[in-house]
Student: 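So that we are looking at the same thing, I have put the structure below in structure tokens.
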Amino acid sequence: MDILDGLNPAQKEAVEAINGPVLILAGPGSGKTRVITHRVAYLIRVVGVNPRSIMAVTFTNKAAREMEERLNRLVSASVRDLTLGTFHAICARILRQDGKAIGVDKKFSIYDDDDQISLIKRSLQDLALDPKQFAPRALQSVISSAKSQMQEPSDLHGKSYFDEVTKRVYERYQRLLTDSAALDFDDLLLKTVLLFRQNPKILERYQQRYMHIQVDEFQDTNLVQYELVKQLAGKYRNVCVVGDPDQSIYSWRAADIRNILNFEKDFPDAKVILLEQNYRSTQLILDAATHVISANKQRKPKELWTENEKGLPPNVIETYSAEEEAQWVVSEIDKLVRSGEAKSSDCAVMYRTNAQSRALEEAFIRYGMPYKLVAGTRFYERREVKDVIAYLRLIQNPYDTVSLRRVINVPQRGIGERSLDELTRWAESQGVNEYKALQLLAQSNESSEELPFSARTVKVLSGFAVMIENFIEKSRELDMVKLFDHVVEKSGYKQYITGLVDGEDRWENVMELRGVAQDYRDLPPEEGLTALLEGVALVSDVDDLPEKVDTVTLITLHQAKGLEFPVVFIIGMEEGILPHYKSIDDPAQLEEERRLCYVGITRAKQKVYLVRAFRRHLMGSSTVNKPSRFLLDIPPELIERGGVTAKEDEWIAAAEAKEKEIQLDGELPEFKAGDHVRHDQFGEGVVVNYRKTRNDAEVVVAFDGEGVKRFLLSFAKIEKV
DNA sequence: CGCAAGTACCTTTTT
DNA sequence: GGTACTTGCG
């Protein structure tokens, strides 16, 4: 059977174990994607399972598309009948289909982060709470994590005032969502679980249909997703989950590594298969990665091995500043390309935070070397793109208040904050939502009634309502592209956006969105709109990564999960960056940082560069960073060192400094504004500001004739005069 | 109500 | 070094 050809025994076992629960623990590069794909192919071609009965859940849409392509080659026919996608996409489909059983409107909008924040702000407003005291972002993350653990507002039993506030905001927020006929990302999952819970018959239909379920990246699923898996697999129990605890990097998004442990508990008869042979990386890269991950305490030991050649040792490169770091990376890539050792597209530069990409971009541009950036300012987060999407969302779901408020005055129609507030209040007094209120206004053109608006305001508000009504009518007959053009034109948005200073760029973005709309042109009008909106709501940044172009890839470590490159540069190998300073105090989070580093190293097939900078500008001020502890976990003999500022002894010094770090704390001299001080290089000056940081303190000093300088006390020699 | 200029706050990672 | 929000004036 050619489907099993070229698989090793463990992989074969994983492909053939199609009856009953299966847990596949797969190390990086062990061919797990291959296993899942071949399993599905095996089910269809060898076992003769109807593709309609198979569900395969992936982490990104891109992974889904890739699997589809591979399957097309393996089984060619009827791949279209598979259910293949992310949890969110699959749930959205289920809810469109059957959501009405729990009161979910068929035309619900999907709210992203931004939309959530604006609803939370409105909740705070409604509850007369100060957004400065209760940061919307923080509330959003608390609410989201509650939802990810299937907690309703009433399940929150915190005792502090903040907990109480959270509970009330959560309640109000959920109310606003419902009124807007909208679901946030968490709701997509949660509502589906609730749908199944409350409607056993519907659940049974899906159970009956999906006789074979596979879940990729299982280590990054949350409680709700796991619950969903259990529900769907409840009848046939043919469920295969694939994951690697060492690559769990989304706990901050409520992913729960315990799902893997619980799987064996919930399915005691589960067959456990280990995939430990790595086909991706060279021996030395794998060794380095193993040393890094082995330092984690909370971990089941796992033996990865490879038959690949020994290869080249990882390079540790030390540079002076972030700029120099970027420049070094670019020139090294240039060298590799010129010597023919690698193509541009073989190379990826990975980093912990998106902010780090800027210095890189500048270096690439200066060098004239092309690159592709995964998610800079994300396309779908651009203002003009969101605006047009908001118009489209309103057509599908006019109760969508976030979209309504977004565009009701864009372009300016003379509807300011006051009129809007007035509208909200009036709508509430009439017991209707804002859109219905607008329609009422439009119908009451007698204007004899007592309305709290000026005649002019009534006119513009009605005008808006009539326009949207008109769009809705058009949406029933026009294809996506025609509708798109109609809306952009008749709303006055085109004229508005092209009239702005950077109008051309922005208009180009609008046209790019139009290009996306083209993909939905052939669908029946209303379906096309739904599909487009769902598509844009659920895309991730990696999804848009252009595959074919021969350029370097710039990508965060998180986004790099599941990808591989011959040559990998990980930059910012410093304490405070990787591991990120926000994780340093918490052992559990620190382990996740380590896994992130592990994920990065194991992306590489042939060559890894670990790059760090001494000095880095963060938020305006300059910091000096020690080398990442993860570098110290790799035995020196496995590493080749280089770079602009490398010194032999520094390595040891850094390790010693790490030891001393704790003792250093609290023994720093203290200064206050106004103190006269002396610095070896700059002479005498006056302290302008003094601020304690985590393990250090920052002093700002104004020197005579030298200007104002900023120092870290642990590095700068500053003494009182 | 709109716009320009100033200010606080920030930055982890994303479906 | 940027943005999202506030302030003040026309």
Side-chain angles (χ1 to χ4, degrees), chain A residues 57-64 85-92 110-114 116-118 121 131-132 135-138 140-141 144 147-148 183-190 217 220-222 224-225 248-255 322 350-359 362 374-375 377-378 380-381 383 409-422 454 456-457 460 500 534-543 555-561 572 576-584 586 589 592-593 595-597 599-600 616-623:
Chain A
V57 187
T58 56
F59 195 69
T60 60
N61 299 298
K62 182 176 182 244
T86 63
F87 273 111
H88 291 86
I90 292 172
C91 286
I110 299 174
Y111 278 2
D112 69 8
D113 259 37
D114 261 16
Q116 286 184 56
I117 294 287
S118 73
K121 282 183 185 156
K132 276 185 193 130
R137 287 223 146 273
Q140 188 244 348
S141 110
S144 169
K147 285 187 174 187
S148 304
L183 302 180
D184 62 22
F185 286 139
D186 300 307
D187 281 344
L188 290 177
L189 309 170
L190 194 54
E217 307 286 7
D220 285 321
T221 54
N222 67 29
V224 187
Q225 290 166 330
S248 152
I249 54 175
Y250 282 96
S251 73
W252 50 273
R253 214 174 82 190
M350 303 179 183
Y351 35 84
R352 174 67 234 264
T353 66
N354 277 307
Q356 288 171 261
S357 67
R358 191 186 304 149
E362 281 168 13
V374 185
T377 12
R378 306 184 181 116
Y380 291 105
E381 275 170 29
R383 209 183 68 207
N409 200 32
V410 181
Q412 291 93 327
R413 302 185 172 92
I415 304 166
E417 195 127 1
R418 262 207 359 243
S419 309
L420 253 179
D421 283 349
E422 206 56 64
S454 68
R456 192 190 70 90
T457 311
V460 281
L500 296 179
E534 202 149 296
V536 300
L538 299 175
V539 279
S540 70
D541 301 310
V542 251
D543 294 338
I555 193 170
T556 67
L557 287 161
H558 282 88
Q559 293 166 334
K561 190 180 71 162
I577 305 284
L578 183 67
H580 194 268
Y581 73 97
K582 287 221 170 180
S583 306
I584 277 179
D586 180 348
Q589 283 189 52
E592 181 147 319
E593 297 286 314
R595 292 194 290 269
L596 198 51
C597 181
V599 166
R616 190 175 290 279
H617 297 281
L618 274 174
M619 280 188 273
S621 67
S622 163
T623 44

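Just so it is clear, the structure is predicted and the values come from calculations on it, not from any experiment. Order of the sequence lines sets the chain letters (A, B, ...), proteins ahead of strands, with each chain counted from 1. Computed over heavy atoms, backbone and side chain alike; hydrogens, waters and symmetry mates excluded.
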Student: If I pick the C1' atom on B:dT11 and the same atom on C:dT6, what distance separates them, to the nearest angstrom?
Tutor: 22 Å

Student: With heavy atoms under 4.0 Å as the rule, sort A:Y250 into base, sugar-phosphate or nothing.
Tutor: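 Result for A:Y250 = sugar-phosphate.
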
Student: Between B:dT15 atom P and A:K62 atom NZ, what is the distance in whole Å?
Tutor: 12 Å

Student: Among the candidates C:dG1, B:dT13, B:dC1, find the nucleotide nearest to the side-chain atoms of A:S419.
Tutor: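 Looking only at heavy atoms from C-beta outward on A:S419, the closest nucleotide is B:dC1.
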
Student: For A:K582 and B:dT11, give me the distance from atom NZ to atom C1', rounded to whole Å.
Tutor: 7 Å

Student: Return the value, rounded to whole Å, for the distance between atom CD1 of A:I117 and atom C1' of C:dC5.
Tutor: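 Nearest whole value for this atom pair: 14 Å.
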
Student: Of the listed nucleotides (B:dT11, B:dT13, B:dG2), which one gets closest to any side-chain atom of A:N409?
Tutor: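 Closest of the options to the side chain of A:N409: B:dG2.
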
Student: With the side chain of A:A355 defined as its heavy atoms from C-beta on, choose the nearest nucleotide among B:dT11, B:dT14, B:dC1.
Tutor: B:dT11

Student: B:dT15, B:dC3, B:dT14: which one has an atom nearest the side-chain heavy atoms of A:T556?
Tutor: B:dT14

Student: Less than 4.0 angstrom between a side-chain N/O of A:N354 and OP1 or OP2 of B:dT13, yes or no?
Tutor: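 Checking A:N354 against B:dT13: at least one side-chain N or O falls below 4.0 Å of OP1 or OP2.
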
Student: In terms of side-chain heavy atoms of A:K121, which of C:dC5, B:dT13, B:dT11 is nearest?
Tutor: C:dC5

Student: What is the distance from OH of A:Y581 to P of B:dC10, rounded to the nearest Å?
Tutor: 9 Å

Student: Could you work out which one of C:dA4, B:dG2, B:dT13 sits closest to the side chain of A:W252?
Tutor: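 Of C:dA4, B:dG2, B:dT13, B:dT13 is nearest to the side chain of A:W252.
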
Student: Tell me whether the side-chain N/O atoms of A:Q559 come closer than 4.0 Å to OP1 or OP2 in B:dT14.
Tutor: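 Looking at the OP1 and OP2 atoms of B:dT14, one of them is under 4.0 Å from a side-chain N or O of A:Q559.
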
Student: Roughly, in whole Å, what's the span from NE2 in A:H88 to P in B:dT15?
Tutor: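 Going from A:H88 (NE2) to B:dT15 (P), I get 9 Å.
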
Student: Closest to the A:Q412 side chain: B:dC3, B:dT11, B:dT13?
Tutor: B:dC3

Student: Side chain of A:Y351, backbone of A:I555: donor and acceptor closer than 3.5 Å?
Tutor: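 At least one qualifying donor-acceptor pair exists.
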
Student: Which atom pair, heavy atoms only, marks the closest approach of A:T60 to A:A63?
Tutor: OG1-N, 3.0 Å

Student: Taking for each residue the nucleotide of DNA chain B with the nearest heavy atom, is it A:L420 or A:L596 whose nucleotide lies nearer the 5' end?
Tutor: A:L420

Student: Please report the interatomic distance OG(A:S148) to CG(A:L189), rounded to the nearest 0.5 Å.
Tutor: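 Between A:S148 OG and A:L189 CG, I get 7.5 Å after rounding to 0.5 Å.
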
Student: What is the nucleic acid contact for A:Q356, judged by heavy atoms within less than 4.0 Å: base, sugar-phosphate only, or nothing?
Tutor: nothing

Student: Of A:E593 and A:L189, whose nearest nucleotide on DNA chain B comes first from the 5' end?
Tutor: A:E593

Student: Rounded off to whole Å, could you give me the CZ-to-P distance for the A:R137 and B:dT14 pair?
Tutor: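 Rounded to the whole Å, the gap is 13 Å.
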
Student: Backbone N or O of A:Y111 within a donor-acceptor pair of the A:D184 side chain at under 3.5 Å?
Tutor: no

Student: Taking atom P of B:dT14 as reference, at what distance in whole Å does atom OH of A:Y380 sit?
Tutor: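 Spelled out: OH on A:Y380 to P on B:dT14 is 17 Å.
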
Student: Grab the CD-C1' distance between A:E592 and B:dT14 for me, whole Å please.
Tutor: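 Computing the A:E592:CD to B:dT14:C1' distance gives 12 Å.
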
Student: With a 3.5 Å distance limit and no angle check, can you tell me whether A:N222 reaches the backbone of A:Q225 through a side-chain donor-acceptor pair?
Tutor: yes

Student: So which nucleotide from B:dT14, B:dC1, B:dT11 ends up closest to the side chain of A:D113?
Tutor: B:dT14

Student: Is there a donor-acceptor pair closer than 3.5 Å between any side-chain N or O of A:Q140 and the backbone N or O of A:Q116?
Tutor: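 No, because the side chain of A:Q140 does not come within donor-acceptor range (under 3.5 Å) of the backbone of A:Q116.
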
